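Working notes, beginning with the structure itself.
Nothing here was measured: the structure is a model prediction, and the numbers come from that model. Each ligand, and each atom within it, is numbered from 1 in the order the structure gives.
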Amino acid sequence: MIRRESPCKVNFLLNVLGRRTDGFHELETLFHPVPLTDLLTFELAPTGATGIHLTCNDPGLPVDSSNLVHRAATRFLALAGLGDRGLQIHLEKRLPLAAGLGGGSANAAHTLLGLNELFAHPLKPTQLDSLAAGLGSDVNFFLQDRPALATGRGERVVSLEPFPALHGSWMFLYHPGFGIPTPWAFAQLPHFPSALQGQPGRAARLAEHLRRGDLESAGTAFYNSLEAPALYKYPVLRLYQEFLRQHGAWATLMSGSGSTTFALFPDEGSARTAVPLFESEFGTAGWLRIVAL
Ligand code: C5P
């Protein structure tokens, strides 16, 4: 049996550069890994059994071929010439859905990596990369475990060295209990022309501030084009950010297409102090985590 912790991400920056003819959007993004995980386990089915048997602790998540884990496993077996093999996969979902944290994309990537391990590496990294790109725009990022700059739909990923200046920082994450569907967020952008037509270069600039340890410049350079529609429809998301900034966060932003808000605190103490203050202001119904970077 193979066990894999399937992590998540935030986007320190997501700059939409325009709509493409294939319906996707060209973008540049700075991904940062977040060590909060779902758990995946992979086992060969008993001899003679074929097909993919996926189970999940969350009854809200379909376990049929619409699930990204199922799709990733099917495509892996087909490309590896293992279509006659049977698999049992279990997904223990701990991360919120439709959260902008890439949880489903990470599950897909870690299914590819886990199955490649289970079958003694039949596929090369380039083959895993092309399978990942076909599964979703964020999946390629999760084939590696570093911060990364990504372009195209988000699938062209360049890994970066971890940022030493973030060592010791703590991240605060809050999902308010409602999700924002990614297609909806992108589809609203024509109502926000400047968010639809960003100028390239912002992602590399933020990465450079972080690399140099210039957190003051970095703090003002976090940006997400998809906040325009999301904060318009859900103004409470703006209040979370104002509150977190007033209570010691040096950067805060909505991640991906939302609805998770994240904030960076200089140390564990300031992140821990913010938790009860945030809960007394906004309640305890949402999903709140703090984690060391
Ligand atoms: O690739 P993924 O499945 O994550 O994309 C979900 C949806 O988000 C797409 O169907 C599309 O509507 C939108 N999207 C986009 N441009 C991107 C990534 C996603 O328009 N670069």
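Side-chain atoms of Ser255 never come within 3.5 Å of backbone atoms of Leu101 as a donor-acceptor pair (strictly under, hydrogens ignored).
For ligand 1, the protein residues placed under 4.0 Å by at least one non-hydrogen atom are Gly23, Phe24, His25, Leu27, Gly136, Ser137, Arg153, Thr182, Pro183, Phe186.
Within the 6.0 Å centre-distance limit, the rings of Phe282 and Phe243 are counted as a close aromatic pair.
The side-chain tip of Arg85 does not point at the ring of Phe119 from less than 6.0 angstrom away and within 45° of straight on.
For the pair Arg3 and Glu92, the salt-bridge criterion is not met [side-chain N within less than 4.0 Å of a carboxylate O].
Using a 30° and 60° split on the angle between ring planes, Phe178 and Tyr234 fall in the parallel class, below 30°.
Around CZ of Arg238, the count of heavy atoms belonging to other residues, nucleotides or ligands within 6.0 Å does not exceed 12.
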